[in-house]
Amino acid sequence: MFDWNQYLLLAEKLFYLRKNEEFLGLKDACLRSAISRAYYAVFCVARNYLIDKKGIEIPKQDTHKFVREIFIESAIREEKIVGESIKQLWGKRKMADYEGSLTVTEAETEFCLKKAKDTLSLIMGFSK
C-alpha cells in the first residue's frame with residue numbers, strides 16, 4: 001500500500017530543488033507542484049483515516065469537499081483543525097494547479113509545507 005506521506009517528502013524535495021542549477025527554469029513548476037503534492041499528502045491521509053478508523057464511506061463525487069466537511073463539522077477540536085487545514089491547502093492547491101496568471105511565492109509554498117506537516121502530525125496523533 002502506498003504511503004501518502006511520501007507526497008510531502010516529494011513536495012519538500014521540489015521546494016529545495018527550485019534553487020538547483022538544473023532546475024532554474026523550473027522554479028515556478030517546482031513551487032506549484034510542491035503545493036499540490038503537500039495538499040494531496042494531507043487529503044489522502046485524512047481520507048484514509050475516515051475510511052479505516054471511522055468506517056466512513058467516501059463518495060466518488062465531490063470527494064474533496066466531503067472529506068474536508070466531515071472534519072470541519074466534527075465535534076472533536078483536533079478534527080476541526082484538520083478540516084480547516086484541508087480547506088486552506090485545497091484553496092492553495094487549486095490556485096497552484098489552475099491559476100497560471102498568478103505568481104506562487106516561496107513564502108506561500110513554505111507555509112503550505114509547514115501546514116501539511118503539522119496537519120499530518122495531528123492526524124497521526126489521533127489515528128493511533
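All figures in this text were calculated on a predicted structure; none of them were measured in a lab.
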When rounded to the nearest 0.5 angstrom, what distance separates [atom1] in [X] from [atom2] in [Y]?
| X | Y | atom1 | atom2 | answer |
| --- | --- | --- | --- | --- |
| D62 | F66 | CG | CZ | 10.5 Å |
| T119 | L8 | OG1 | CG | 10.0 Å |
| R18 | F15 | CZ | CZ | 3.5 Å |
| D52 | R47 | CG | CZ | 9.5 Å |
| L31 | L14 | CG | CG | 9.0 Å |
| L120 | K115 | CG | NZ | 12.0 Å |

Check: Members other than Y98 in its cluster, when Ile, Leu, Val, Met, Phe, Trp, Tyr link by side-chain heavy atoms under 4.5 Å?
Finding: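 Other cluster members: none.
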Margin query: If we ignore hydrogens and angles and just use 3.5 Å, is the side chain of S33 paired with the main-chain N or O of C30 as donor and acceptor?
Written below: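 Side chain of S33 to backbone of C30: no pair is present.
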Next item on the list: Look at the side chain of S121 and the backbone N and O of K117, then say whether any donor-acceptor pair between them is shorter than 3.5 Å.
Entry: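 Present.
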Notebook entry, point to check: Got more than 12 heavy atoms from elsewhere within 6.0 Å of NZ, K114?
Noted result: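 Counting neighbours around NZ of K114, 12 or fewer heavy atoms of other residues, nucleotides or ligands fall under 6.0 Å, so no.
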Item checked: Residue pair M95, V104: steps toward the side chain to side chain contact (heavy atoms under 4.5 Å, CB included) verdict -> CA-CA 9 Å; M95 183 270 304; V104 176; 3.9 Å; yes
Next item on the list: Using the six-membered ring wherever Trp is involved, compare the ring planes of F2 and W4 and label them parallel, tilted or perpendicular (cut-offs 30° and 60°).
Entry: perpendicular
Next item on the list: Evaluate the ring planes of Y40 and H64, with Trp represented by its six-membered ring, and classify them as parallel (under 30°), tilted (30 to 60°) or perpendicular (over 60°).
Entry: perpendicular
Nearest heavy-atom neighbours spanning [X] and [Y]:
| X | Y | answer |
| --- | --- | --- |
| T105 | T109 | O-OG1, 2.9 Å |
| A11 | A38 | CB-N, 3.9 Å |
| L113 | A34 | CD2-O, 4.3 Å |
| A96 | R32 | O-NH1, 2.8 Å |

Min side-chain heavy-atom separation [X]-[Y] under 4.5 Å:
| X | Y | value |
| --- | --- | --- |
| F71 | V67 | yes |
| F111 | Q88 | yes |
| F126 | V82 | yes |

Is [X] linked to [Y] within one hydrophobic cluster, defined over Ile, Leu, Val, Met, Phe, Trp and Tyr using a side-chain heavy-atom separation of less than 4.5 Å?
| X | Y | value |
| --- | --- | --- |
| L50 | F43 | yes |
| L26 | L17 | yes |
| Y39 | L9 | no |
| L89 | M124 | yes |
| L122 | I56 | yes |

Checklist line | Intermediate values then yes/no, side chain to side chain contact (heavy atoms under 4.5 Å, CB included), E84 and K87 | finding: CA-CA 5 Å; E84 290 301 328; K87 185 177 179 179; 4.1 Å; yes
Item checked: Carboxylate-amine/guanidinium proximity below 4.0 Å for K27 and E106 ->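 Salt bridge flag = yes for E106 with K27.
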Notebook entry, point to check: Which one of E99, E110, E108 satisfies the salt bridge (Lys or Arg N to Asp or Glu O under 4.0 Å) criterion with K92?
Noted result: E108
Margin query: Going by side-chain hydrogen bond (donor to acceptor under 3.5 Å, both in side chains), name the pairs with one or both residues in residues 6-16, residues two or more places apart or in two chains.
Written below: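 The answer is Y7-R37.
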Margin query: According to side-chain hydrogen bond (donor to acceptor under 3.5 Å, both in side chains), does anything in residues 66-75 pair up with another residue at least two apart or in another chain? List the pairs.
Written below: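 Passing the test, one end in residues 66-75: S74-E79.
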